[in-house]
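Here is how names work: the chains are called A, B, and so on, in the same order as the sequence lines, proteins then strands, and each is numbered from 1.
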Amino acid sequence: MSHNAFITETRIEGESDGPLAGRTVAVKDNISTDGVETTCGSAALEGYVPPYDATVVERLKDAGATIVGKTNMDEFGMGTTTETSAFGPVENPAAEGRVPGGSSGGSAAAVASGAADLALGSDTGGSVRCPAAFCGVVGIKPTYGLVSRYGLVAYANSLEQIGPLAPTVEAAAELLEVLAGPDPNDATTREPPAGVDTDYAAAADGDVSGLTVGVPTELLEGADEGVRAVFEDAIDDLESKGATTETVSLPSVETAVQAYYVIAMSEASSNLARFDGVRYGRSGEGDGEGNWNESFAAARELGFGEEVKRRVLLGTYALSAGYHDKYYKKAQDARAWVKQDFDEAFESVDVLASPTMPVPPFERGESLEDPLQMYLADANTVPINLANLPAISVPAGETDEGPVGLQLVGPAFDEATLVRAGSALE
Amino acid sequence: MTVDDEEVRHVATLARIDLDDEEVERFTGQFAEILEHFEALDDVPEVDPDPELANVMRPDEVEAGLTQEEALRNAPETEDGYFKGPNVS
């Protein structure tokens with residue numbers, strides 16, 4: 001079974017030795033690969049072949065990895081189910097008839113089915129963690145600025161990071177070590193603060209004695225009953241291994257979904273303006289007469305799917321005259337509030353824990369007709385992107401409806417603590 | 001929040017995306033629902049953001065970039081080493 005996890009299968013051999021020698025890696029199809037088609041799951045970019053490698057792809061090759069394909073995804077990363085791809089939906093290898101989560105659903109399915117040892121995804125509002133949770137694998141969303149975005153086709157650049165997916169916490173941490181570190185081609189990358197532990201793989205020792213875990217009530221309240229039971233068992237497990245838990249409150253997360261979608265859609269409306277069908281991508285198929293605007297509008301009608309149109313239009317609306325202050329500016333306030341809430345929480349706890357997704361994997365087709373319901377499913381993942389923080393999703397167990405992921409969130413650049421705590425759950 | 005089909009068409013023009021009538025109708029209903037949900041942002045308190053921003057500078061030096069051939073490789077139409085767009089009318 002291929003699960004439609006790949007848009008392009010290929011074989012790019014890396015260096016003969018290195019930390020990932022002998023390992024196969026699947027790369028999400030919004031990450032540029034020199035000479036290998038990169039579509040972002042969109043008809044607009046069918047046939048587009050990048051003339052350069054993303055920094056993370058160069059790092060994979062230098063580390064000795066073999067890239068085995070470009071993975072299927074929600075179009076331009078816009079979705080929670082990997083059903084908005086122009087190349088068909090991805091099946092969940094761990095829950096038949098259900099979605100793999102999204103938008104990096106192909107990457108999670110490739111790892112869960114064993115088609116690749118490891119995978120790269122990108123996470124703008126949960127797009128690594130959600131599919132990791134739904135497919136029963138590990139996914140890490142790094143601190144904003146830890147991993148280069150050079151060569152990642154932008155959706156919402158103030159929010160997104162490339163992150164690893166793997167069958168185990170240690171393997172995800174090994175891959176993160178290869179990806180992490182400043183890049184002169186991405187001015188938003190930063191060196192972690194001095195003294196911070198960056199030996200991520202070595203941190204996978206499962207030692208949680210003395211660790212304080214905060215559980216935000218707001219991220220548990222709305223969760224499905226079965227998901228909640230699995231989550232609470234996992235928390236008991238951490239306590240039995242020496243962690244202490246306490247309840248915390250993050251009132252700002254109540255408006256995080258709204259803030260996230262306003263900001264992500266606004267950035268998308270600007271970033272996706274480049275797809276005009278002239279320099280690359282699908283053309284308007286006009287006769288060359290008429291004006292530029294008509295030609296662009298025709299190209300974009302043909303190239304973009306419904307969810308992409310919806311987000312670009314809503315983003316354009318939120319930034320348009322008369323609405324900017326009401327939506328975009330208030331969303332930035334809400335973002336600052338979220339960041340402040342998390343900073344305060346980390347004054348008393350080491351990590352925060354929640355279910356990664358408040359619901360089990362959707363049945364295929366279930367959420368396509370109701371976009372707002374789909375957006376609300378991102379309630380537990382989007383606050384982390386708004387706050388620029390690192391998070392990991394670790395398999396916590398299963399309900400009758402499929403795998404459940406547990407999300408751990410840490411202070412900026414403290415990925416090592418997340419790896420340590422996450423490995424205690426394996 | 002009410003949204004009518006004229007507003008959806010106007011925004012689509014600003015965004016340079018053609019829509020068919022069916023899409024306009026569907027988006028009009030969905031946008032009303034989604035924008036109503038966004039109304040919750042009105043109640044967000046004013047927060048004094050404390051951004052740790054720092055300018056990142058580098059010397060302005062000439063580096064190798066894409067060749068003309070590489071830059072044109074993905075264009076649907078080219079002519080004499082240039083991108084070819086629609087006529088300007």
Need one label for A:Ser269: side chain, backbone, both or neither, based on atoms under 4.5 Å from any heavy atom in chain B. neither

As an exercise: rank A:Asp333, A:Leu313, A:Thr188 by heavy-atom pairs under 4.5 Å with chain B and give me the winner. A:Leu313

Assign the ring pair A:Tyr327 / A:Tyr317 to parallel, tilted or perpendicular, where the plane angle (0 to 90°) is split at 30° and 60°. tilted

Part of B:Leu72 lying under 4.5 Å from any heavy atom of chain A: neither

Relative to chain B, which segment of A:Glu369 carries a heavy atom at a distance below 4.5 Å: side chain, backbone, both, or neither? backbone

A:Glu306 versus chain B, the contacting section by heavy-atom distance below 4.5 Å: both

Contact class of A:Leu376 relative to chain B, heavy atoms under 4.5 angstrom: side chain

Carboxylate-amine/guanidinium contact B:Asp43 A:Lys330, below 4.0 Å: no

Less than 4.5 Å to any heavy atom of chain B: does that hold for the side chain of A:Asp343, its backbone, both, or neither? neither

Looking only at B:Ala71, B:Ala15, B:Pro76, B:Ala12, the option with the highest number of non-hydrogen pairs under 4.5 Å against chain A is B:Pro76

Measure distances from B:Arg73 to the heavy atoms of chain A and classify the residue's part below 4.5 Å as side chain, backbone, both or neither. side chain

Flag the pair A:Phe76 / A:Asn30 as yes when at least one side-chain heavy-atom distance between them is below 4.5 Å, and no otherwise. no

Heavy-atom distances under 4.5 Å only: say whether B:Glu70 touches chain A with side chain, backbone, both or neither. both

Around atom CZ of A:Arg190, are there more than 12 heavy atoms of other residues, nucleotides or ligands at under 6.0 Å? no

Determine, step by step, whether A:Ser158 and A:Arg335 satisfy the side-chain hydrogen bond (donor to acceptor under 3.5 Å, both in side chains) criterion, reporting the C-alpha distance in whole Å, the side-chain angles of both residues, the deciding distance to 0.1 Å, and the verdict. CA-CA 11 Å; A:Ser158 82; A:Arg335 183 174 190 172; 2.8 Å; yes

With a 4.5 angstrom heavy-atom cut-off, is it the side chain or the backbone of B:Leu66 that approaches chain A, or both, or neither? side chain

Side chain, backbone, both or neither: which part of B:Phe38 has an atom under 4.5 Å from a heavy atom of chain A? both

Selection from A:Pro50, A:Pro371, A:Ala273 maximising heavy-atom pairs under 4.5 Å formed with chain B: A:Pro371

Tell me, side chain or backbone of A:Pro251 under 4.5 Å from chain B's heavy atoms, or both, or neither? neither

Just to verify, what does A:Phe296 make a ring pair (Phe, Tyr, Trp, His ring centres under 6.0 Å) with, not counting sequence neighbours? A:Trp292

With the threshold set at 4.0 Å, does a side-chain nitrogen-carboxylate oxygen contact exist between A:Arg282 and A:Glu46? no

Could you tell me whether A:Arg311 and A:Glu307 make a salt bridge, using a distance below 4.0 angstrom between a side-chain N and a carboxylate O? yes

Give a yes or no on whether a salt bridge exists between A:Glu294 and B:Arg16, defined as a side-chain N under 4.0 angstrom from a carboxylate O. no

